[in-house]
There are 2 protein chains.
Amino acid sequence: MSVRPTRGEGEQNSDPRIERSRRVIQEATVDELASVGYGGLRIESIARRAGVGKATIYRHWSGKQDLVESTLAMIKEDMVAPGEGTVRERVTSILTWLASYLTDSRASSVMPALVSAAQFDKSVAEFHFRFTSERRHAMIDLLSEGVQTGELRSDLDAELAAEMLAGVLFYRRLMTDRPFPSEEVGNLVATVLGSAD
Amino acid sequence: MSVRPTRGEGEQNSDPRIERSRRVIQEATVDELASVGYGGLRIESIARRAGVGKATIYRHWSGKQDLVESTLAMIKEDMVAPGEGTVRERVTSILTWLASYLTDSRASSVMPALVSAAQFDKSVAEFHFRFTSERRHAMIDLLSEGVQTGELRSDLDAELAAEMLAGVLFYRRLMTDRPFPSEEVGNLVATVLGSAD
DNA sequence: GACTTATGAAACGACATCGTTTCGCAGCAG
DNA sequence: CTGCTGCGAAACGATGTCGTTTCATAAGTC
């Protein structure tokens, strides 16, 4: 992915400046992605925001695509946290996290930027669809588990339910100027899964 | 909106070449929007696709933004058709149209392009949100009508239901590589509104 | 402390796109 | 038929971005 990791993947470089440069550059890339999107990305803007020379960027990555790919991979790493509890609780927790991510965060535009870029850039699309698919199937599996254990109604269509839940959050973020408030995720879950007895 | 409609809005120009030029240029703009998105739009590409000189474009519009705005307005005009029947039938018909538009059509990427552009371009965002809001409220009103007449369950949350319905279609189109098949819209409507008795 | 090396700043050529202008031609009006 | 005008093609300067190179400096190693 990166062009010149002077040493191998996991090994630590002797010079801390290298890792630091990579970190601040990728952070700046996230910020730029969020503020101008993939199409508006300018290497010079990233360098300026990172307080770094353009040359330093090209020392570590072969170009824009390389940098973005490695940054997206980093974002994916940061994305975590299933949790404990009943199916209903875990579903609510995942969606609450997603709602906050699409609302509050400094990075609330990162995911929209990814969605946008995927529409017209093949390599971004590949990443985006694979990434989304993983999270989607995690949710579907979770809902299926709930159906099998009897926690959720037996006639629930897990796949459709997963798409409705995430769909509403993304719809609100992408199609309106009122992103879905994370406080209302409970209502949403109750509506889609049915109220608890 | 346009810069030099030699005569006023509705009047007919004496020279048919003018109207023809405007038409083929806007059609080419739609195609380009669908294939490379707003950020990737190049005036020269539009000119080439339209079989037109670049100068002709600048004769009719002041620049890229002017052209896109007037083209989006045109797209909006083309978007029609409530229909007749029960609330359930009208809802199904609207969503079936939307599903086809996001699936089959030559223009299946126009709306995603709009969504994408709206994330980072202020003037596009204004258009996009207003446009979406209109269609959303039409759907909400329709569902409310169904609740009031007793055709739909009285505890239905019209707003949330509208967002779930459209949300699933957009989620499928933007977040996966399997757009929602228009044949399955019936199932979707039944799931969200509840099966008919 | 002496060396090594990554860094930030700046300038570079190459290239793409913008919006303008020019020009000869062809379609239209009368 | 004749004059007019919108047209397509081409070339233009201006601008902005890319990816590279150079160079003195400062941060690192040993």
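Here is how names work: the chains are called A, B, and so on, in the same order as the sequence lines, proteins then strands, and each is numbered from 1.
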Phosphate OP1/OP2 of C/dA6 contacted by A/Ser21 side-chain N/O (<4.0 Å): no
Separation of atom CZ in B/Arg20 from atom C1' in C/dA26, rounded to whole Å: 13 Å
Base D/dG19 paired with A/Lys54 side chain (donor-acceptor, <3.5 Å): yes
Ring geometry between A/Tyr101 and A/Trp97 (parallel below 30°, tilted from 30 to 60°, perpendicular above 60°): parallel
Restricting both atoms to N or O, compile the protein contacts to nucleotides 24-30 of chain D shorter than 3.5 Å, with distance only.
| unit_1 | atom_1 | unit_2 | atom_2 | d |
| --- | --- | --- | --- | --- |
| D/dA27 | N3 | A/Arg17 | NH1 | 3.3 |
| D/dT29 | OP1 | A/Ser14 | O | 2.7 |

Check: A/Arg59 side chain, C/dG8 base, donor-acceptor under 3.5 Å: yes
Residues, nucleotides or ligands: over 12 heavy atoms within 6.0 Å of A/Glu134 CD: yes
Rounded interatomic separation in angstrom, taking CD from B/Glu44 and P from D/dC12: 14 Å
A/Thr132 side chain to A/His128 backbone, donor-acceptor under 3.5 Å: yes
B/Lys64 side chain to B/Leu41 backbone, donor-acceptor under 3.5 Å: yes
Expected output: side-chain A/Arg172 to main-chain A/Arg178 donor-acceptor under 3.5 Å: yes
Side-chain-base donor-acceptor pair under 3.5 Å for A/Arg48 and C/dG8: no
Heavy-atom donor-acceptor pair, A/Arg90 side chain to A/Gly85 backbone, under 3.5 Å: yes
Main-chain N/O of B/Val87 paired with B/Glu151 side-chain donor or acceptor, under 3.5 Å: yes
Euclidean distance, atom CD of residue A/Gln65 to atom P of D/dC18 [Å, nearest integer]: 14 Å
Phosphate contact (C/dT20 OP1 or OP2) by B/Tyr58 side-chain N/O below 4.0 Å: no
Residue whose closest nucleotide on DNA chain D lies nearer the 5' end, A/Ala55 versus A/Leu41: A/Leu41
Residue-phosphate contact under 4.0 Å: A/His60 side-chain N/O, D/dG19 OP1/OP2: no
Spacing of B/Ile46 atom CD1 relative to C/dG19 atom P, expressed in whole Å: 11 Å
Between C1' of C/dG27 and CD of B/Glu19, the distance in whole Å: 16 Å
Gap between atoms CH2 and P, on B/Trp61 and D/dG6 respectively (whole Å): 15 Å
B/Arg42 CZ - C/dG19 C1' separation (whole Å): 14 Å
A/Arg49 CZ to C/dG8 P, straight-line distance once rounded to whole Å: 17 Å
